[in-house]
Amino acid sequence: MSYDPQAVEARWRERWADDGQYESDPDPDEEATFITVPYPYPSGGMHVGHVRTYTVPDVYARYRRLQGDNVLFPIAWHVTGTPIVGAVERLKKGEADQLDVLTNTYNVPEEELEDLETPMGFARYFIEGFYKSNMKDLGLSIDWRREFTTNDERYSKFITWQYETLKERGLLEKGLHPVKYCTEQENPVTTHDLLEGEDVEYQEYTLVQFTTEEGTTIPMATLRPETVRGVTNAFVNPDATYAEALVDGERWIVSAEATEKLALQDHDVEIEREFAGAEIVGTTVENPVTGDELLILPAGFVDPDSASGVVMSVPAHSPDDYVALQEAKARADELAEYGIAPDDVRAIEPVPILDVEGYGDVPAKDAVESAGIEDSDDPELQEITKELYNREFHTGRLHEEYGEFAGELIEDVREELAAEFRDRGAFGQLYDFPEPVISRAGGKVVVAYQDTWFLRYNDAEWKAKAHAAVDGLDAIPENTREQYDHTIDWLNEWPCIRNYGLGTKLPWDDDFVIEPLSDSTIYMSYYTIAHRIGDIPPEQLDRDFFDTLFYGPEAVEADEVPRTSDDSSGGEPREPDETALELREEWEYWYPVDYRCSGNDLISNHLSFYLFHHAELFDEPAWPQGITSMGMGLLEGKKMSSSSGHVVLPSNAIDEYGADTVRFFLLNSAEPWQDYDWRSEQVQSTRDQLERFWNRATETIDADEGDRDLAHIDHWLLAQLQETIETVTDAMERFETRTASQAAFYGFEEYLKWYRRRTDLDRPGARWTLRRVLETRLRLLAPFVPFLANELHERLTGTPAEEAQWPQVEEELIDDRTIAEERLVESLHEDVADIVDVTGTDPERIRVYVGADWKRDVLDQVVETGPDVGAVMGEVMSDPDLREKGNAVNDLVQDLVEFVRERDEETIDSLSAVDERAVYEEAAGFLAHEFDADVVVYGEDDEGIEDPEGKASAAIPFRPAIHIE
RNA sequence: GCGAGGGUAGCCAAGCGGCCAACGGCGGCGGACUCAAGAUCCGCUCGUGUAGACGUUCGUGGGUUCGAUUCCCUCCCCUCGCACCA
């Protein structure tokens, strides 16, 4: 029967569903293995780029089951936050892009679009229609009883418990934090809400507070506060609108735009009057650090919508400023209209404040002159400005006048220096974007301070615990360990709430929702009880309930203090909840998570949060045991992207190739942590290979069973099988799905190819061997291609592969000597083929000469003495018979020393027991058949040897001489 | 810039001190089978070569070693992450 994956797979899916095959419950007699994967976010459909993430854990789950474990592999749906809400809004607005993705990429029928117009309706559509059905079609061995969404009432109770506990432990703190803010909607926005400037990051500008004669503050925005001593003048845009305003009670002058930003960044701003920038051009201001009086010059390049709208000029270090100053000098006479004396402008000279390698005293001048820049419109000006900026930041050292900071590198002291001036009241700060950022609502996006709650990942003790969790972790691949440590060190306060979106309300302030990365840190524990918690009324799921569940009855009994912020029941001793105690058994059985299979892009946030929260909320035995981080998927060499339609839907791929092919391709084309590339040509080829495997397997199954009457080559194949079992098992333990499947499938195919050439497959011994090999391979492959492997295994043995055991190496079938012997045959075959090829002859007769016994003695001596020509010669020459042979021995020793050096000890060992001549004699028939020639084997010293061209003496041990004619 | 990963024959990709001119797949060429196509099987696919060899290769330039694709350093190029976004 030919390979029909759709039919085979449909049967097994049905069978698994009917049997509840992958529903796992605690069983004290079996070891628990708990595997998780980040729950998908159904803000769109699933594509093949997502498939491997879920297939790798499935393969491991299936592997552990074959090893006898009780395995739990659950899934749920993450709907928290704004992406789904945003997607629904865009749909309702009828946005073309959104409609295109839905109807063209994901083939949502027009008439069903309406169902997607509520957030949960949208989520449901993609959960049921894509994720869930795709996962089932792929044969993922998920316990479907445990699914939930993060918007479920009971899940929220669980998150509530988590956040109340963290708050009580002092790990949540309230404060102001800069966020992206849409001035149109008057609301914070996320990257997804942006129309323009998605990847622009806001920057922290220092406001250097210059003052006018009247004592008005003019804050000049800079990213380089350390250049304050190099300021020679200021620039304002004469045509822009500026405002005089009371800022926190002080009189300030900034651009009109800046007043709004200041107001949003926790300043009290009262605008008194607005005027054109020209008004203050020509006046002077005082540098708060040096006390110098500086002139304000006009400049059209000053953007009033960038920071404060007033900039300070540092011509010695900024090529931009240098060119602007030169231009101002050139038209100094025109500046008289602003009441500026032209000579005052011409008198302005750059003031260097630092030394930087590779430039002279005035670096900006050097840079401008060597680049040959003439005016401020030159596009190269930006480049050299950036280049000099970088150089100065990393290698620039401050001059003497900086006192304690003198001689230091800018990158080491900038922050410290700015902080010091800030303390003295000379500097302020302002967050702003360096480029325009526009929200999807069309409004300008600025940085605003928001009152927020954040998780204190900067807490030293918490960090220490998280590091401890990393120490005990099986980080796969191992080099991700340092990334976790690095992230843990680097993480700061993390705002964990949002103003809107789906999810759990902040327990003590329901204006806020806990954001998606923060409500998904310990939910793996929720899986252990998810299938039973539905029977419990939500109101019963209070703090005591979860305390009992996770911390045991004593956590409640011992504690008579009211626990929740709104608990008014007072200090009554409480009874642990019975149901919670029952569920506690589930949690204790399954926890900890043995492996979490995730993407390497999540290391810097989600996976590190996962470690932080486990380390804090649970005791060490419940900490994560292992994390596998995976690479991403490409489609025909390019990044997949649902918005551009450059995706393949799993359902299409499964229809076309079958689920086993999809799985096998993904698992075999790269190791999980490497990127893979979905190329339809390769996928098709994978399918062809599986089909060939199927056909061969079917032949073996249909043939007579044979019996255990084994020839040399059968022993050889069985010995290779043992090596394969070992390789595959080792690889599976390390999640090396490529190595494992490659060895079990393609690697072994190579052995079979040789085996088929070497022997008569109709022998009873061969048939027995082939059945044995097939059965073992089906078990090795069952985690990868479960449909095909279970089907064939059942046809072969009567039971599915998944009900059998993972293959064990059978000691009595290990046979290094036979493997070594067969290698000799292979290399003899290869040598003959080479000679035939090079000479272009079609041989009638092939003569094989095995080296003389004394040569073997010399080899033994080399092995004993070690690969050292001098030492071996010393030993060998003490034998008179050998000494007599003179130079021949010398040459032989040279060759044999090299022979031994090139091989490892095991190979040499296994060769020592080999009867070389017998091996060639056994293979003579095979060679005769292969080359269609007579094959005769001689010993070099045989009497009656035929040696027409005197080749025999060239033989050395394990490298016979050959003659063909 | 910081952190991580990577650059191997036409393409994908393994190797990670000697068994390596370098597994495997795709593509290409030749052959067997076939009326034919497909599938399958065999051989070739860096160069030279009428004897199993030699020569030049594994981003660049150095170094360590008897010996380096494999170890160390320099440089060049590519990919990913860098925060409130899942």
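Computed from a predicted structure; not experimentally measured. A, B, ... follow the sequence lines: proteins, then strands. Residue 1 opens every chain.
Backbone-only contact: A:His78 has heavy atoms under 4.0 Å from sugar-phosphate atoms and none from a base. If you check every strand for non-hydrogen atoms under 4.0 Å, A:Glu482 touches sugar and phosphate atoms only. At a threshold of 4.0 angstrom between heavy atoms, the contacts of A:Lys951 include nucleobase atoms, whether or not backbone atoms are also involved. Backbone-only contact: A:Pro516 has heavy atoms under 4.0 Å from sugar-phosphate atoms and none from a base. Within the nucleic acid shown, A:Ala670 has no heavy atom closer than 4.0 Å to any nucleic acid atom. Using a 4.0 Å heavy-atom cutoff across all strands shown, A:Arg959 reaches at least one base atom of the nucleic acid. If you check every strand for non-hydrogen atoms under 4.0 Å, A:Ile964 touches a base. Residue-level contact check: A:Trp490 touches the bases, meaning some heavy atom is under 4.0 Å from a base atom. Counting non-hydrogen atoms under 4.0 angstrom, A:Asp677 reaches nothing in the nucleic acid. Within 4.0 Å (heavy atoms only), A:Gln674 reaches sugar-phosphate atoms of the nucleic acid but no base atom. Residue contacts shown for A:Pro42 are absent, as no nucleic acid heavy atom lies under 4.0 Å away.
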* **Dot-bracket pairing map - RNA chain B, Watson-Crick plus G-U, both contacts under 3.5 Å, | cross-strand** => ((((((((.[[[..)..(.....]]]((((((.......))))))(((....)))...[.[[[..)....]]].])))))))....
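Salt-bridge check for A:Glu226 with A:Arg414: passed, with a basic side-chain N closer than 4.0 Å to an acidic carboxylate O. A salt bridge is absent between A:Glu916 and A:Arg959; no separation between the charged side-chain nitrogens and carboxylate oxygens falls under 4.0 Å. A:Glu691 and A:Arg687 are joined by a salt bridge, as a carboxylate oxygen and a charged side-chain nitrogen come within less than 4.0 angstrom of each other. Between A:Arg847 and A:Glu946, at least one side-chain N (NZ, or NE/NH1/NH2) sits under 4.0 Å from a carboxylate O, which counts as a salt bridge.
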* Structure fact -> A correct 5'-to-3' footprint of nucleotides 16-21 of chain B, with B, S and - meaning base, sugar-phosphate only and no protein heavy atom under 4.0 Å, is --BB--
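Not a single donor-acceptor pair under 3.5 Å links the side chain of A:Ser608 to the backbone N or O of A:Ile488.
For the pair A:Arg903 and A:Phe899, the cation-pi criterion (under 6.0 Å, within 45° of the ring axis) is fulfilled. The side-chain tip of A:Arg758 points at the ring of A:Phe926 from less than 6.0 angstrom away and within 45° of straight on.
Side chain to side chain, A:His467 and A:Asp485 meet the donor-acceptor criterion of an N or O pair below 3.5 Å. No side-chain donor-acceptor contact under 3.5 Å links A:His177 and A:Glu493.
At a cut-off of 3.5 angstrom, counting only N and O atoms as typed in the model, there is a donor on one side and an acceptor on the other between the side-chain of A:Asp831 and the base of B:G52.
Comparing A:Met632 and A:Val179 by the nucleotide of RNA chain B whose heavy atom lies nearest to each, the residue mapping closer to the 5' end is A:Met632.
B:C54 and B:U60 are spaced 24 Å apart, taking the P atom of each and rounding to whole Å.
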